[in-house]
Structure formats: structure tokens, C-alpha cells
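Remarks on the structure that follows.
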Amino acid sequence: MIARAARPLSPFAIAAPLLLGASALLIGPAASAQTAPYRVAEISYDFDDDGVEDARSTLVYDGSGAPTDGSYAYIGDTTPDLFRTEDNDAESETVTYVLDGNGFLLSSVLDRIDFSTATEQFSVAQVFAGGLLTDSTFASTLGGATDSTESVFAYTGTRLDQVVTRNPIDDSLVWTLSIGYGADDLPDTVVFESPADPTNGIPAFQVETTYTFRADGQADDVISVARVDDGSGAGFVAIGGGSGDYVYDGAGRRIEEVFTSSGGIGAFPAEFVGFDYRKTLAYDGLGLLESESIDVDDDGSIEATRTFVWEAGDCVPIFVWAPNGRPEFTATASTPYVPGTGWQSSRNCPEPTTGLALTAGLALLTSFARRRRH
């Protein structure tokens with residue numbers, strides 16, 4: 001049986017499972033409320049491709065089309081799961097959102113129950129200035145103990161250049177993210193770095209991601225390399241990485257994502273870190289994302305599927321920021337997103353490209369930062 005993915009992302013809830021293991025995750029601003037003919041109401045998951053539902057997500061909206069809360073519930077069937085595309089340990093999750101009048105997500109709280117009935121809570125609180133996210137605090141409560149980080153954002157104009165995350169208690173550095181741009185003003189490189197923690201035997205860690213883009217600004221190819229510096233004097237030494245290829249149809253919609261690991265801990269921009277896989281996206285007659293099929297190992301067999309149920313109504317998109325996040329759609333004046341930096345939509349609203357795909361790469365990236373604070 002294929003090993004299950006490690007805490008991949010649950011699309012219903014602003015990166016809910018990433019919140020579970022990734023203190024670096026931030027909830028970003030949404031674009032101003034826009035009228036959209038449809039919005040996602042439910043997502044059904046089949047984790048063994050037998051045609052029987054294993055889990056379901058739901059979203060609830062207010063009168064303006066902004067999500068107010070969501071839920072995820074594992075149902076299960078008699079067939080063993082082959083590959084859970086959502087958080088492996090979650091039996092149920094609920095999430096609430098607070099947005100301001102401009103559609104900026106000010107705070108969010110996720111409550112989670114795992115299969116052992118243990119409860120966990122994760123929250124974010126954010127500060128904006130001039131429409132830009134300037135400060136974000138993340139807190140997680142696990143087993144009665146609360147852990148938190150604070151991130152500060154630096155810009156040139158409206159272009160995000162660097163994010164510095166520290167422990168708010170002792171001001172120690174947790175990680176930094178630096179972004180390098182090309183002549184097209186799209187990011188050529190995104191570098192995630194966390195310092196060494198000799199006390200706990202954790203080496204300095206670095207992930208460098210390189211992007212190429214199509215003429216329309218969408219991602220074409222991506223390569224990531226993970227490195228550590230163990231203090232031996234050899235400097236940063238590669239320990240893993242991988243590459244990804246994005247395929248589009250004539251309408252500019254992403255129809256395939258193919259990720260290949262080059263060894264070690266895999267490609268970080270991948271949705272399922274450490275796995276080779278092909279994801280195929282299908283659309284209905286209205287151009288709405290209908291389903292996603294996951295082929296682990298890219299061997300022609302489907303391990304899991306997601307099916308989307310849309311409803312008529314206004315829709316306010318919520319945006320997620322996660323370091324080293326993979327590109328999702330073309331940047332426009334109405335979206336606070338720069339491909340490659342980690343701005344990503346929850347995809348509860350129709351989009352011109354990929355629909356509801358999100359990344360789960362931070363679960364491994366930030367495990368280094370989490371251990372450093374214990």
C-alpha cells in the first residue's frame with residue numbers, strides 16, 4: 001500500500017492542516033469583494049478511488065459572499081485509504097474567519113480533533129497598512145501548551161522582498177524568506193532559511209526555489225533544492241529537492257501538474273512533498289473545476305480524487321500566504337499575489353486557471369523551525 005502524504009493541505013479551510021504543523025503559515029489579505037456567479041459549497045474526497053466518499057468539506061458564506069466558517073469531516077468506508085490528500089490525522093476540523101470591509105482576512109481560528117480525540121487549536125492575527133500585510137502572529141495550542149511566532153514583512157513599493165519571523169518571547173530568529181525578481185518583475189528565486197540551533201542539534205537549513213514563467217505570467221517550471229550546513233566547514237550541502245511541470249489547456253487553465261523528487265525530502269513547491277505524482281484537473285461546461293485526480297508515482301493508477309460542488313452566489317476569495325508556496329495564477333491589480341512568493345488563494349471562488357489547488361510543502365519546511373522553539 002502506498003504511504004500516505006504527511007499532513008497535506010485541506011483546501012476548504014485556508015491551509016488548515018498546514019496550520020497544524022507549520023508555524024510559518026500566514027493568512028493573507030483577500031481582494032476586494034467581487035461578484036462571481038459561483039462559489040464552492042462542498043468538496044468530496046475519495047481516498048481510495050472506489051467511488052465512495054471518504055470525507056467532506058463545507059463552506060458557509062455571508063451576504064457579501066465572504067466565507068464565515070467551514071468544516072471538514074472524515075467519513076471513511078470499508079476500503080482502506082490509499083492516499084489521503086487532506087490532513088492524515090484529522091477526524092474533524094472547524095474554522096472561522098473574520099474579514100474587514102475590504103475583504104482582508106484579519107483573523108482566523110481553526111479547531112481540530114484527531115483520531116485519538118485529542119484537540120488542537122491554531123489561530124492567526126494580522127495587521128495591514130496601505131493594503132499590505134505588515135505583521136502576522138501565529139499561535140498554536142497543542143496538549144495545553146501554546147507556541148507562537150511573529151512575522152514582519154518588508155516591501156519595495158507593493159513588491160514583497162523579505163519576511164522575517166521571530167519568537168515573540170525572546171526575539172530569536174526562526175526563519176527568513178528572501179525573494180529575487182527578474183526583469184519581468186516575477187520572482188526568479190525564493191530562498192527560505194532557518195539558522196542553526198546547536199543546543200538541539202539542528203543544522204542551518206535552506207531551500208532555494210527557482211521559477212520560470214509563461215508569457216501570461218503563470219508558472220511553467222519550478223525547481224527546488226534543499227540544503228543543510230552541519231557546521232563541518234563544507235558549507236551548505238544539498239540533501240534533497242525536486243522539480244515540477246505545469247500543463248495548461250488553450251484557455252489557460254491548468255490541467256496537469258507533474259512533480260518529481262530528486263531524492264531526500266523532495267520538492268517543496270509540490271502539493272504532496274516527497275512523492276512523485278501527477279495531478280489531473282477536469283472542468284465542467286461552465287469552466288468550473290469539477291475534479292482533481294491524484295496519480296502517485298505517475299504510474300497510470302489513480303489513488304485519490306476530489307470532487308467540487310459549486311453554488312450560485314457572490315464570492316469573496318481569501319488569500320493564504322505560505323513561504324515557498326508554489327505559483328497558482330496570474331497576478332493582477334485586484335489580487336495581492338506575486339507568483340512564487342507564496343500568495344495563494346483558497347480557491348473558493350472561480351479563477352481563470354487552476355481552481356482549488358494548494359500547497360502542503362510547509363509541513364516539512366517549518367518542522368525545523370518548530371523544533372527549534374522547544
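Hydrogens, waters and symmetry mates play no part in the numbers below; they use all other heavy atoms, side chains included.
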> Hey, mind stepping through Tyr38 and Leu286 against side-chain contact (heavy atoms from CB on, under 4.5 Å) and telling me if it holds?
Replying inline: CA-CA 10 Å; Tyr38 294 96; Leu286 296 175; 3.3 Å; yes
Do [X] and [Y] have side-chain atoms, one donor and one acceptor, less than 3.5 Å apart?
| X | Y | value |
| --- | --- | --- |
| Asp161 | Thr156 | yes |
| Gln121 | Thr119 | no |
| Thr141 | Thr146 | yes |
| Thr79 | Asp50 | yes |

Under a single-linkage definition using a 4.5 Å side-chain heavy-atom cutoff for Ile, Leu, Val, Met, Phe, Trp and Tyr, are [X] and [Y] assigned to the same hydrophobic cluster?
| X | Y | value |
| --- | --- | --- |
| Ile113 | Tyr74 | no |
| Val109 | Leu142 | no |
| Tyr248 | Phe213 | yes |
| Leu177 | Val174 | yes |
| Tyr155 | Val163 | yes |

* With a cut-off of 6.0 Å (strictly less than), are more than 12 heavy atoms of other residues, nucleotides or ligands near CD1 of Ile169? ->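 No.
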With side chains defined as the heavy atoms from C-beta onward, is the minimum distance between [X] and [Y] less than 4.5 Å?
| X | Y | value |
| --- | --- | --- |
| Val164 | Leu173 | yes |
| Glu86 | Arg306 | yes |
| Ser136 | Phe153 | yes |
| Ile223 | Thr209 | no |
| Ser64 | Asp314 | no |
| Thr137 | Asp135 | yes |
| Glu257 | Arg278 | no |

- Apply side-chain contact (heavy atoms from CB on, under 4.5 Å) to the pair Thr305 and Phe47, showing each step before the final yes or no. CA-CA 7 Å; Thr305 60; Phe47 297 140; over 6 Å; no
Salt bridge (Lys or Arg N to Asp or Glu O under 4.0 Å) contacts touching residues 227-250 (sequence neighbours left out):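 Every pair satisfying salt bridge (Lys or Arg N to Asp or Glu O under 4.0 Å) with a residue in residues 227-250: Glu208-Arg227, Asp249-Arg253.
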So how far is it from [X] [atom1] to [Y] [atom2], rounded to the nearest 0.5 Å?
| X | Y | atom1 | atom2 | answer |
| --- | --- | --- | --- | --- |
| Gln206 | Ser194 | CD | OG | 9.5 Å |
| Asp69 | Thr58 | CG | OG1 | 8.0 Å |
| Thr165 | Phe192 | OG1 | CZ | 8.0 Å |
| Thr307 | Glu290 | OG1 | CD | 8.0 Å |

Which of Thr68, Asp111, Leu110 passes side-chain contact (heavy atoms from CB on, under 4.5 Å) with Val95? Answer is Leu110
In short, Thr280 meets Glu256 closest at the heavy-atom pair OG1-OE2, 4.0 Å
Nearest heavy-atom neighbours spanning Asn348 and Trp310 |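 Heavy-atom minimum between the residues: O-CZ3, 3.9 Å.
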Residue pair Arg39, Tyr61: steps toward the side-chain contact (heavy atoms from CB on, under 4.5 Å) verdict:
CA-CA 9 Å; Arg39 61 199 184 194; Tyr61 299 84; 3.4 Å; yes
Between Phe275 and Phe83 (judged by ring centroids, cut-off 6.0 Å), do the two rings come close enough to count as a pair? yes
ask   = Does the ring center of Tyr45 lie less than 6.0 Å from the ring center of Tyr72?
value =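 Distance test on ring centres: under 6.0 Å, yes.
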